[in-house]
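Worksheet: one structure, shown below.
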Amino acid sequence: MKKVLSLCLVLLAFVAQGQSKIDVKKEFEFAAKQYEGMLAAHPDLTKFPQSTNADGTPRDMKSDWWCSGFFGGSLWYIYEYNKAPQWKEAAHKWTMAVEKEQYNTGTHDLGFMIYCPFGNGYRLTKNKAYKPIMLTGAKSLSTRFDPKRGVIKSWNSFKGGYDYPVIIDNMMNLEFLFWAARESGNKEFYNLSVTHADNTLKNHYRPDHSAYHVLCYGPNGEVLAKKNHQGAADESAWSRGQAWGLYGYTVMYRETKDQKYLEHARNIADFILNNPTLPADKIPYWDYSKPGEERDASAGAIAASALLELSTYGGKNAKKYYNDAVIMLENLSKAPYKAELGKNNHFILQHSTGHKLGKSEIDVPLVYADYYYLEGLLRYDALNKRKK
Ligand code: GLY
């Protein structure tokens with residue numbers, strides 16, 4: 001009887017999946033129309049779409065800002081879906097606009113800046129020009145790894161006199177280094193990624209599987225302090241940080257097949273999805289300790305994309321990961337998160353929060369919310385096509 005019941009539940013879950021309200025074709029048509037406006041509003045390839053200022057004007061940033069790769073990356077995702085040559089051309093232009101950052105050794109963010117545009121471009125077109133740029137970028141990023149500490153340095157300093165801060169976001173750079181290890185044959189990229197992920201797992205996480213934002217390391221790898229930067233408090237769980245960790249450890253499992261990363265990714269997923277402050281639409285507040293305040297649609301989009309991948313690795317909660325990711329994407333695909341055509345400074349999504357305590361980017365569009373939303377839609381589409 002129990003067996004029949006659980007079989008019925010599985011079948012029901014599949015039926016529910018089949019009836020999902022996400023019309024991927026329609027969403028990509030909307031994205032293309034919205035980003036046509038974005039392209040027209042951005043004739044200068046040194047001004048990268050980022051967000052909206054407090055006065056409602058567009059907020060653009062330069063190529064050395066950590067988000068410069070997301071716009072090009074999103075253009076590649078639109079091209080991946082619609083295969084229209086004008087999107088390939090636009091994606092190429094905005095990808096090459098980041099080229100000089102391959103030499104930037106002053107940031108850990110090269111995974112975002114280089115791999116999101118060039119990595120997607122290379123995956124889709126095999127353009128030979130992209131590979132050496134990416135390999136130089138990976139080399140630049142790897143200069144920030146200190147074998148004595150066993151982690152990649154995120155920022156060059158942090159308040160309180162710390163000189164080796166590592167943020168949870170840094171887990172997102174490792175996918176780029178795994179690519180570089182494969183393409184170059186240099187195992188060092190692989191090894192340092194595993195070391196960074198292991199130390200982050202050991203030091204950055206609390207017993208409830210939530211992550212601190214900033215860890216300050218001493219010269220021998222000792223942890224001097226566990227701090228907050230973009231969340232609400234040192235001991236709170238900043239929503240986007242949890243999403244970065246979820247995505248990062250899902251990639252770690254994909255790349256290494258080490259079960260401990262899979263288990264960790266599942267624990268993070270469970271922290272997020274079972275969190276009492278997670279709203280019914282499953283788009284988190286900007287910090288898990290701040291229910292009722294601003295949402296962070298970017299954290300929802302990153303988590304949705306990661307959960308779809310995690311759902312493919314099986315386990316007792318795989319169906320829940322898939323279903324909850326779909327709920328997130330469904331909600332992002334409509335008001336209040338999805339903007340109206342031609343509004344929202346041409347971004348697709350509204351209601352993200354960049355850095356509330358820093359009084360910056362509060363309840364605004366953010367370029368990386370769009371990027372991970374489009375990635376999530378593509379993953380959802382691919383999974384559904386595979387099932388059919
Ligand atoms: N990496 C910075 C952020 O997530 O806002």
Side-chain angles (χ1 to χ4, degrees), residues 48-53 59 61-71 73-74 98 101 104 106-117 141 144 151-159 165-176 196 200 204 210-216 227-233 236-249 251 268 272 283-288 290 293-306 347 349 351-373 375-376:
F48 292 77
Q50 162 73 15
S51 182
T52 290
N53 291 311
R59 174 168 155 88
M61 302 302 268
K62 291 198 278 197
S63 70
D64 63 356
W65 180 240
W66 73 276
C67 300
S68 59
F70 290 118
F71 185 50
S74 290
V98 191
E101 300 308 326
N104 188 342
T107 177
H108 73 137
D109 284 318
L110 293 182
F112 291 127
M113 295 154 77
I114 301 285
Y115 196 57
C116 293
L141 171 57
R144 297 182 69 81
V151 276
I152 301 167
K153 174 150 88 166
S154 294
W155 301 324
N156 293 337
S157 62
F158 188 66
K159 56 182 183 269
V166 177
I167 62 174
I168 189 61
D169 325 29
N170 207 334
M171 284 303 301
M172 294 299 285
N173 292 306
L174 305 182
E175 187 176 15
F176 180 29
H196 179 95
T200 299
H204 239 100
S210 68
Y212 289 91
H213 190 196
V214 189
L215 255 77
C216 302
K227 296 282 183 189
N228 171 50
H229 182 59
Q230 278 161 274
S236 77
W238 173 48
S239 301
R240 195 161 55 256
Q242 312 318 309
W244 290 142
L246 170 65
Y247 196 115
Y249 281 99
V251 169
I268 303 169
I272 292 173
I283 307 302
Y285 295 101
W286 69 281
D287 189 288
Y288 285 98
K290 294 289 174 190
E293 295 195 3
E294 293 83 1
R295 302 297 185 97
D296 183 9
S298 77
I302 297 158
S305 184
F347 289 97
L349 297 183
H351 302 306
S352 289
T353 298
H355 188 182
K356 178 154 179 183
L357 290 194
K359 297 192 173 31
S360 167
E361 298 179 336
I362 304 167
D363 196 15
V364 288
L366 283 169
V367 66
Y368 46 93
D370 287 8
Y371 175 86
Y372 288 101
Y373 167 67
E375 182 182 271

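Below, all heavy atoms of this structure are taken into account, side chains as well, without hydrogens, waters or symmetry copies. Counting convention: from 1, in listed order, for ligands and their atoms alike.
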Please report whether ligand 1 has a polar contact with Arg240, defined as an N or O pair separated by less than 3.5 Å (distance criterion only).
yes
How far is atom 1 (N) of ligand 1 from its nearest protein heavy atom, and which residue and atom is that?
Asp169 OD2, 2.7 Å
Once you restrict to heavy atoms under 4.0 Å, what part of His355 touches ligand 1? Side chain, backbone, both or neither.
neither
Salt bridge (charged side-chain N to carboxylate O under 4.0 Å, His left out) partners for Lys356, two or more places apart:
Glu293, Glu294
Below the 3.5 angstrom mark, is there an N/O of Trp238, backbone or side chain, next to an N/O of ligand 1?
no
Below the 3.5 angstrom mark, is there an N/O of Asp109, backbone or side chain, next to an N/O of ligand 1?
no
Which atom pair, heavy atoms only, marks the closest approach of Ser74 to Asp370?
OG-C, 4.1 Å
Would you say Ser239's side chain and Ala299's backbone share a donor-acceptor pair under 3.5 angstrom?
no
Output every pair passing salt bridge (charged side-chain N to carboxylate O under 4.0 Å, His left out) with a member in residues 238-247, not counting sequence neighbours, ordered by first then second residue.
Arg240-Asp296
So if I apply the side-chain hydrogen bond (donor to acceptor under 3.5 Å, both in side chains) rule between Arg144 and each of Asn170, Asn173, Asn156, which one comes out positive?
Asn156
